[in-house]
Amino acid sequence: MLTENPSPKVGRSTGNQRKLHSIHGLLRGRVVDGQFDVRDQSYRFSFVPASASLVEGKLILSGRMTVHTPQLGTRFVDGVEARLVAGQGGMGAAPVRRQLLSGTAQTSQTSTSSQKIEQEKGPETDLQPGLQPFGSPRVDELGRPVIESTGPLSFVGVLYFSLSTLDGSTLGVPLDLSKVQLNLRLAPTDDLARDLHFMFSNLTAALFQTPIDERASNEQVQELNRMFKS
Amino acid sequence: MVRPLIRQVLQLFPQTHEATLKSTRVFDALIIGSGASGGMAAKELTERGFKVLVLEAGPPVNPARDFTHHAWPYQAMYRGFGPPGWKQQDQWMQDTASYYSRHFYVKDSEHPYTTDPGKPFMWVRARIVGGKTLHWGRLSWRLSDLDFKAASQDGFGDDWPVSYSELAPYYDRIEEFIGVAGNADGLPQVPDGKYMPPMPLTCGEHLLRKGAEKTGRHAISMRVAMLTSQPKSFMKGRRKCHYCGHCGDGCDVNAMFSSIASTLPLAAATGRMTLRPNSIVRHIVTDKNTGKAKGVAFVDRVTRDEYEVDAKVIVLAASTLESTRILLNSKSEHHPQGLGNSSGVLGHYLVDHFGGIGASGFLPMLAGRDPINEDGKATGIFIPRFRNLDAKTKHPKFLRGYGFECGSGTSMFPGMARRLITGFGSEYKKQVRRYYTAPVGMTTRAAMLSRFENHVELDPSGVVDAWGIPVLKMHIQYSDNEREMAKDAADTSEEILRAAGAEIVSTGGQMTAPGRIIHELGTARMGNDPKTSMLNKFNQLHDVKNVFVTDGACFVSSANQNPTLTILALTLRACEYLTEEYKRGDL
Ligand SMILES: Cc1cc2nc3c(=O)[nH]c(=O)nc-3n(C[C@H](O)[C@H](O)[C@H](O)COP(=O)(O)OP(=O)(O)OC[C@H]3O[C@@H](n4cnc5c(N)ncnc54)[C@H](O)[C@@H]3O)c2cc1C
Ligand code: SF4
């Protein structure tokens with residue numbers, strides 16, 4: 001039946017891989033906050049970066065990884081390194097900075113209404129007699145409509161970090177944590193996260209171009225360190 | 001009335017036949033994915049006597065639990081918008097997911113992919129038994145030789161290895177099988193098919209049609225895979241559409257075509273299909289000596305246990321980019337660049353359609369009339385392509401063309417109140433009441449040129465999904481051809497609305513990001529030349545005879561019509577060919 005989960009036995013089992021491949025979290029303030037599930041058990045985790053550096057053109061964040069389970073309570077490890085390997089989404093298009101928004105009413109209005117329009121854009125199924133709104137046409141130098149950013153959460157981006165080897169038993173997670181990927185989603189809802197997003201955006205723009213813009217990336221890393229310490 | 005129907009349909013899906021499984025060490029055919037293409041392949045192959053295993057990455061579907069058909073906004077917390085922040089948490093790239101349909105879509109947190117800064121791609125995916133057919137838009141157009149042989153006409157890119165006349169009989173059979181409502185309009189750019197009665201136009205759509213005609217364009221009824229007359233005898237468990245307009249949340253009377261309404265029940269009824277949900281295929285396993293496929297490796301989505309299973313033939317129908325990802329992940333000594341990729345074109349020629357450009361406003365002659373229920377008709381009116389059909393319609397600035405999806409009428413959530421009417425207080429309410437009956441809108445569905453540089457690859461930095469499977473990195477951008485087309489579409493939509501007598505409120509817009517229209521196509525294209533294509537004209541890998549790719553990955557060019565009808569027709573044709581080859585022992 002499709003209503004059940006029959007998982008009929010087919011094929012040869014080639015083993016149970018008790019490996020944790022990836023975890024994902026949202027940036028809240030300067031804390032990466034998330035949860036992962038292993039079978040029926042949920043684990044909350046947080047990663048708090050304490051410093052940033054550039055090693056061979058890669059951003060490395062170092063900080064504390066904490067895992068919490070109702071049974072074992074809270075456990076943490078310091079000095080965990082997260083190496084930035086890739087990105088996705090709104091990274092690179094730096095979000096309008098909070099200070100700018102509050103500074104000029106006009107910028108604030110433009111940003112808010114254009115975000116709203118994107119939120120309301122209908123999917124393909126929106127063929128009902130309702131309406132598709134069309135944002136005020138933004139055009140290129142030849143008068144042609146330009147491409148939207150990636151939707152309602154256009155400034156949401158994901159940064160993919162590769163974590164240094166973790167010890168499952170120290171953190172109370174009964175899995176192989178030797179190669180865990182941290183998917184850090186940037187959907188800021190507070191000022192600090194918004195500012196950090198701004199910096200991460202500039203930093204990825206500098207790092208993911210060829211050749212790397214070393215001056216800009218060093219500046220951003222210094223700025224990140226300043227913010228982590230503040 | 002509804003629940004017994006669901007039960008009746010679900011009873012068509014038998015429990016796993018333990019006896020069959022025990023005796024089946026090697027399946028005749030293994031199908032990856034149970035969406036539009038996988039479901040059709042399962043039906044065709046089981047009916048032809050094959051013992052088939054369908055591996056589906058997503059969970060099983062339970063319409064009683066998962067379909068929120070007929071739910072009123074006030075029945076849901078937050079009026080159906082979901083708790084604040086739910087999208088940021090899990091599904092921010094699943095742009096079309098609503099709180100009611102969120103379980104049809106993947107969680108982005110588990111299913112990453114990567115892009116370069118400033119080059120967005122939106123990958124909207126369903127991982128569930130039935131795939132995207134559970135909530136698709138149902139628009140079902142044929143392609144014509146304007147599309148299949150476009151390169152011969154305008155010199156850009158390559159022709160398809162199939163022609164319209166070759167595919168027409170398969171279109172016929174698919175339309176009859178899935179049930180498509182529409183009109184025979186006699187337009188060569190959207191060839192006519194076998195239709196159920198079309199859905200009637202609303203008053204506003206009649207006016208819009210007249211407007212389009214004044215400007216020399218046609219406006220025709222949408223052709224939609226929905227049953228507008230009594231189901232035929234083979235459409236067991238399906239009912240006539242009752243115009244509730246909730247198709248995007250899942251149709252629990254099966255009036256719209258979906259795999260779980262149509263193809264999978266028939267496959268299951270043969271007793272020869274084993275469907276294993278929660279089975280994520282990692283890669284295709286090949287024989288070390290021959291280089292041919294001998295099975296697949298998959299991981300259980302829930303338990304994370306790893307398996308291998310053998311089959312004589314593999315049909316890849318995991319959706320355009322997932323199929324390509326599986327092929328790229330199936331590297332071996334024989335296939336160092338990915339399975340069947342001696343040509344090096346695997347992953348290339350990625351296209352989507354673009355939208356986001358159009359016009360909207362009000363038809364003043366309809367303002368203030370008595371409101372009637374018009375939004376139960378979950379579809380609108382279509383203005384088919386009118387550029388570059390012949391020498392007379394040749395556009396100086398771009399190749400190929402676009403159509404307009406349009407609609408007009410009242411709707412439960414009068415969107416225009418939020419979007420198009422300004423002001424506040426009682427005056428605002430008066431305006432909403434007045435214009436509620438009169439909105440009209442048009443939006444573009446446009447072709448994108450297939451270019452080698454628009455491609456996907458396995459993420460070079462080693463990003464993986466939640467099951468440790470390497471993910472795709474997308475590289476895609478529009479060219480000047482698309483931008484010129486968008487400019488033309490913005491001007492033309494305004495011209496048509498004005499000709500229809502509309503008061504224009506907004507025009508232009510922004511081109512949607514690639515992927516957002518959910519017509520991602522190409523990346524394992526067909527062709528006659530194995531040096532420049534992955535598949536032959538029957539969707540078979542040139543390099544590996546016992547592997548077929550039947551989903552949108554096979555497209556040579558995008559056309560501007562919605563692709564699913566063509567995917568279904570190609571799948572049917574591929575299965576017919578596969579059967580013949582299998583019988584001859586040629587696989
Ligand atoms: C909201 C919406 C509206 C749409 N409207 C239209 C329309 O009006 N007209 C039109 O023509 N098209 C429309 N489409 C597109 C249409 O749904 C697709 O073209 C069609 O479903 C593609 O069929 P498919 O079989 O290739 O992929 P899918 O239907 O997506 O099925 C693929 C299946 O493969 C499974 N799978 C993926 N990876 C793996 C793996 N590794 N292992 C095992 N299984 C796997 C998935 O879980 C899924 O079930 C729409 C889509 C959406 C989402
Ligand atoms: S409008 Fe018709 S096809 Fe759509 S959900 Fe309702 S009954 Fe089903």
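Chain letters run A, B, ... following the sequence lines, proteins first, then strands; residues in each count from 1. Owing to the predicted nature of the structure, the values given are computational and were not obtained by experimental measurement.
- Of the two parts of D66(B), neither the backbone nor the side chain holds a non-hydrogen atom closer than 4.5 Å to a non-hydrogen atom of chain A.
- By number of non-hydrogen pairs under 4.5 angstrom with chain B, the leading residue of L26(A), I23(A), N183(A), L20(A) is L26(A).
- With sequence neighbours left out, Y43(A) forms a ring-ring contact (aromatic ring centres under 6.0 Å, His included) with F36(A).
- Classification of the Y113(B)-W123(B) ring pair by plane angle, with boundaries at 30° and 60°, yields perpendicular.
- By number of non-hydrogen pairs under 4.5 angstrom with chain A, the leading residue of V309(B), V463(B), D459(B) is V463(B).
- Qualifying ring-ring contact (aromatic ring centres under 6.0 Å, His included) partners for Y160(A), counting only residues two or more places apart in sequence or in other chains: none.
- Interface check for chain B: of the options G34(A), S13(A), S22(A), the most heavy-atom pairs under 4.5 Å are formed by S13(A).
- Residue F354(B) does not touch chain A at all, counting heavy-atom pairs closer than 4.5 Å.
- A side-chain N or O of S506(B) and one of S360(B) form a donor-acceptor pair less than 3.5 Å apart.
- At a cut-off of 3.5 Å, with distance as the only test, a side-chain donor of S42(A) or D37(A) sits close to an acceptor on the other residue.
- For D488(B), no part lies near chain A; criterion is any non-hydrogen pair under 4.5 Å.
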